[in-house]
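We count ligands from 1, going down the list as the structure has it; atoms in each ligand are counted the same way.
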Amino acid sequence: MTALGPITVNIDGYLAQNRYEVDEGNPHIELVDRPDPERFGDLVRACPAALYKVDEEGAQHADFAGCLECGTCRIVSSDLVVKSWRFPAATMGVEFRFG
Ligand code: SF4
């Protein structure tokens, strides 16, 4: 919040510049079988790439193709959602591009 009001930043354009190499069949993030709904909701709010979602029926969805490899979900979930987390293999994952 500033003296002029809240600051809103749209990062979609910045994220769209990145390049992702998805390691099909070898995910770098694995979830527990039945994630805790409250902790999952925390990840919906915390993931900067908005990769955790809950639909209108309450079903949980996670797609890691656009993962920024920040590790926030690993820290926030306290093992109640994320079962394992590691960096993708060399040449896989996100390649950050600027400007
Ligand atoms: S590592 Fe970061 S960007 Fe990737 S899924 Fe977790 S919170 Fe989202």
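Using modelled atom types, no side-chain atom of E69 and backbone atom of F87 make a donor-acceptor pair closer than 3.5 Å. In this structure a side-chain-to-backbone donor-acceptor pair under 3.5 Å is missing from T72 to A46.
Ring to ring, F96 and Y20 are not that close: their centroids are 6.0 angstrom or more apart.
Counting backbone and side-chain atoms alike, C67 contributes no N/O/S atom closer than 2.8 Å to atom 2 (Fe) of ligand 1. For atom 8 (Fe) of ligand 1, the N/O/S atoms of C47 include one lying under 2.8 Å.
The single protein non-hydrogen atom nearest to atom 3 (S) of ligand 1 is L68 N, 3.3 Å, given as residue, atom name and distance. Protein heavy atom in closest approach to atom 7 (S) of ligand 1: C73 N, 3.4 Å.
Each of the following atoms of ligand 1 lies closer than 4.0 Å to a heavy atom of G71: 1 (S), 2 (Fe). Of all atoms in ligand 1, listed by their number and element, those nearer than 4.0 Å to a heavy atom of T72 are 7 (S). Within the listing of ligand 1, atoms 1 (S), 2 (Fe), 3 (S), 7 (S) sit less than 4.0 angstrom from a heavy atom of C70. Less than 4.0 angstrom separates some heavy atom of Y52 from each of these atoms of ligand 1: 5 (S).
Side-chain contact of D55 with H61: a donor-acceptor pair under 3.5 Å is present, judged by distance alone.
Summarising the geometry, atom CG belonging to N10 is positioned 9.0 Å from atom CG belonging to L15; distances are rounded to the nearest 0.5 Å. With rounding to the nearest 0.5 Å, the separation of CZ in R86 from CD in E30 is 7.5 Å.
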